[in-house]
Chemist: 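The structure is given below, and queries will be raised subsequently.
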Amino acid sequence: MKKSTFVMAFPLMLVTACGSTGGPDDEEAAPEIAASQEAISLSPDFAARYLDCEEFAGVGLAPLVSVAPLVPDGYIVIEAAPGMAIVVAQSADCAEISVNGHLPLPGIFAQLGVGVVPPTGTGDGNFYQIAFATTHPLLAARLRLLGVNARYTPFMSYEITSVSGSQADLAISVPRPLGLAFDLDGPITLPDPSAPSSPLTTFNYWHQSASHGNILQENAVTGIRLGEGSGVTLTAVGDDLEAILGSTTLSFPFFSSPELFDEAVVTVQTDAF
């Protein structure tokens with residue numbers, strides 16, 4: 001049985017996949033998958049880079065009984081309230097995403113995570129990654145070949161509309177993985193791009209793979225500027241996600257923010273502990 005640790009309070013800065021290749025999206029990404037297979041034979045570890053990104057991140061709660069089975073032994077789920085685990089939903093639209101300096105393209109990524117005690121004692125926030133999706137085919141292929149629950153998802157969308165001053169509406173659609181698909185929608189107050197930014201902040205996302213052990217995705221983020229998004233709600237589109245949440249919707253009472261950040265360097269390490 002997996003252990004959990006009970007935490008009455010946690011910092012707001014807490015905020016800010018396995019399966020074989022195949023399927024329609026992977027067919028569209030066939031050249032990048034082939035290149036990734038060749039690259040991974042040389043070294044499974046790699047680095048990615050996100051530049052000039054608009055992002056939303058939210059922290060909510062889900063029943064520990066439904067979240068714990070998703071997290072392997074060796075990780076300790078944080079119990080933020082009696083019987084409740086931390087769930088993080090994140091998505092960003094970036095001017096450029098690249099992998100080891102290759103294939104620099106505009107792109108979107110999104111991920112779902114469960115708050116865990118830092119396995120190696122590092123990072124400003126640590127999450128076990130339930131799912132990852134991106135419009136960048138090479139990034140999806142490299143992660144998926146390691147055993148991460150990652151999907152190339154060309155039809156993701158990230159839209160900010162009805163902008164009036166700093167007020168706007170956010171609409172994000174993440175249609176894959178199918179069972180974990182979700183939308184994020186609601187009114188937001190945009191970050192002030194001229195505001196002082198946060199110092200370098202590191203978020204660790206983890207996933208356990210049968211072939212490459214405990215995989216660390218270390219996100220070192222610079223230039224974060226926060227807005228306000230307490231009206232944003234997650235809607236579970238996939239049946240698996242609805243079962244995990246115990247509801248079709250999830251609010252974010254602890255942290256809910258549209259953000260800007262200048263750069264995130266993602267270092268992916270296999271067999272991290």
Side-chain angles (χ1 to χ4, degrees), residues 9-16 47-61 80 86-98 104-113 115 118 122-127 132-136 139 156-174 182-205 217-234 250-267:
F10 51 95
L12 291 182
M13 286 308 295
L14 190 62
V15 159
T16 294
R49 192 180 185 206
Y50 307 139
L51 289 177
D52 190 15
C53 302
E54 297 178 336
E55 180 181 49
F56 174 82
V59 177
L61 295 175
I86 297 166
V87 175
V88 174
Q90 178 188 21
S91 181
D93 183 7
C94 300
E96 182 179 299
I97 297 176
S98 60
L105 296 170
I108 303 170
F109 72 89
Q111 53 195 339
L112 293 169
T122 62
D124 298 293
N126 280 260
F127 313 101
F132 181 91
T134 180
T135 60
H136 195 283
L139 178 57
M156 289 175 63
S157 62
Y158 189 111
E159 298 181 339
I160 295 175
T161 59
S162 303
V163 179
S164 177
S166 63
Q167 304 305 302
D169 290 329
L170 177 70
I172 299 170
S173 174
V174 185
F182 64 93
D183 295 333
L184 290 163
D185 299 278
I188 57 172
T189 301
L190 297 169
D192 179 353
S194 65
S197 62
S198 303
L200 175 70
T201 309
T202 301
F203 304 108
N204 294 330
Y205 279 85
Q217 301 163 53
E218 181 188 75
N219 297 252
V221 190
T222 55
I224 300 174
R225 295 171 295 282
L226 304 178
E228 200 284 327
S230 58
V232 175
T233 300
L234 180 147
L250 177 69
S251 60
F252 302 112
F254 300 107
F255 185 93
S256 182
S257 179
E259 303 171 0
L260 300 173
F261 67 83
D262 298 330
E263 179 184 31
V265 176
V266 184
T267 304

Chemist: What distance do T135 atom OG1 and I108 atom CD1 have between them, rounded to the nearest 0.5 Å?
Modeler: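 Atom-to-atom, T135:OG1 and I108:CD1 are 5.0 Å apart.
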
Chemist: For residues P104 and S98, report the shortest heavy-atom separation together with the two atoms involved.
Modeler: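 Result for this residue pair: CA-CB, 4.0 Å.
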
Chemist: Within the distance-only criterion (no hydrogens, no angle test), does the side chain of T267 pair as donor or acceptor with the backbone N or O of A47 below 3.5 angstrom?
Modeler: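 Pair absent, no side-chain N/O of T267 close to backbone of A47.
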
Chemist: Check whether any side-chain heavy atom of L250 lies under 4.5 Å from a side-chain heavy atom of T233, and answer yes or no.
Modeler: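 No, side chains not in contact.
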
Chemist: Does the pair L170 and D185 meet the rule for a side-chain contact (heavy atoms from CB on, under 4.5 Å), with working shown?
Modeler: CA-CA 5 Å; L170 177 70; D185 299 278; over 6 Å; no

Chemist: Can you tell me how far CZ of F254 sits from OG of S230, rounded to the nearest 0.5 angstrom?
Modeler: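 S230 OG to F254 CZ: 14.0 Å, rounded to 0.5 Å.
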
Chemist: Does the side chain of S166 come within less than 4.5 Å of T189's, by heavy atoms?
Modeler: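 The answer is yes; the side chains approach within 4.5 Å.
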
Chemist: So, taking the atom named OG in S91 and the one named CD in E54, what distance separates them when rounded to the nearest 0.5 Å?
Modeler: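 Between S91 OG and E54 CD, I get 11.0 Å after rounding to 0.5 Å.
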
Chemist: Starting at CD of Q111, measure out to CG of N219 and round the result to the nearest 0.5 Å.
Modeler: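 With rounding to 0.5 Å, CD (Q111) is 6.0 Å from CG (N219).
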
Chemist: Can you give me the closest heavy-atom contact between P187 and V232, atom names plus distance?
Modeler: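 Minimum heavy-atom contact is O-CG2, 3.9 Å.
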
Chemist: Provide the closest heavy-atom pair for P191 versus P258 in the form atom of the first, atom of the second, distance.
Modeler: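 Closest pair (atom of P191, atom of P258, distance): CG-O, 3.5 Å.
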
Chemist: Are side-chain heavy atoms of V163 and L190 found at a separation under 4.5 Å?
Modeler: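 Contact flag for V163/L190 side chains = yes.
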
Chemist: Between T201, D52, V221, which is the residue that forms a side chain to side chain contact (heavy atoms under 4.5 Å, CB included) with F261?
Modeler: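 Only one option passes, and that is V221.
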
Chemist: Kindly give the heavy-atom pair with the smallest separation between S251 and P253, and that separation in Å.
Modeler: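 Taking S251 first and P253 second, the nearest heavy atoms are O-CD, 3.3 Å.
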
Chemist: Apply side-chain contact (heavy atoms from CB on, under 4.5 Å) to F132 and L112, showing your working.
Modeler: CA-CA 7 Å; F132 181 91; L112 293 169; over 6 Å; no

Chemist: Rounded to the nearest 0.5 Å, what's the gap from CZ on F109 to CE on M156? Could you check?
Modeler: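 That separation rounds to 9.0 Å.
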
Chemist: A side-chain contact here means heavy atoms from C-beta on lying under 4.5 Å apart; do T122 and N204 qualify?
Modeler: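 With C-beta onward as the side chain, the pair touches.
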
Chemist: Would you check, one step at a time, whether the test side-chain contact (heavy atoms from CB on, under 4.5 Å) holds for V59 with I86?
Modeler: CA-CA 7 Å; V59 177; I86 297 166; 3.7 Å; yes

Chemist: So that I know where these two stand, are F252 and F56 an aromatic pair - ring centroids less than 6.0 Å apart?
Modeler: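 Yes.
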
Chemist: Compare every heavy atom of L234 with every heavy atom of A89, then report the nearest pair and how far apart it is.
Modeler: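 That closest heavy-atom pairing would be CB-CD1, 3.7 Å.
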
Chemist: Do H136 side-chain atoms and I97 backbone N/O form a donor-acceptor pair below 3.5 Å?
Modeler: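 Yes, the answer is positive, given that a donor and an acceptor are paired below the 3.5 Å cut-off.
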
Chemist: Begin from the C-alpha positions of Y158 and V174 and carry the test side-chain contact (heavy atoms from CB on, under 4.5 Å) through to its verdict.
Modeler: CA-CA 9 Å; Y158 189 111; V174 185; over 6 Å; no

Chemist: Can you name the closest pair of heavy atoms from A48 and L139 and give their distance?
Modeler: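 Answer, listing the atom of A48 first, then L139: CB-CD1, 4.0 Å.
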
Chemist: How long is the gap from CG on L200 to CD1 on I224, to the nearest 0.5 Å?
Modeler: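 Reported value, rounded in 0.5 Å steps: 8.5 Å.
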
Chemist: Using the six-membered ring wherever Trp is involved, compare the ring planes of F127 and Y205 and label them parallel, tilted or perpendicular (cut-offs 30° and 60°).
Modeler: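 F127 vs Y205 ring planes: tilted.
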
Chemist: Has the side chain of D169 got a donor or acceptor atom that lies under 3.5 Å from a matching backbone atom of S162?
Modeler: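 Such a contact is absent between D169 side chain and S162 backbone.
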
Chemist: If you define the side chain from C-beta out and look only at heavy atoms, does anything of V266 sit under 4.5 Å from E218?
Modeler: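 A side-chain contact is absent here, since even the closest heavy-atom pair is not under 4.5 Å.
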
Chemist: Output yes when a side-chain donor or acceptor of S257 lies under 3.5 Å from a complementary backbone atom of G227, and no otherwise.
Modeler: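 A pair under 3.5 Å: yes.
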
Chemist: Can you tell whether the side chains of E259 and R225 come within less than 4.0 Å, N to carboxylate O?
Modeler: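 Looking at E259 and R225, the cut-off is not met.
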
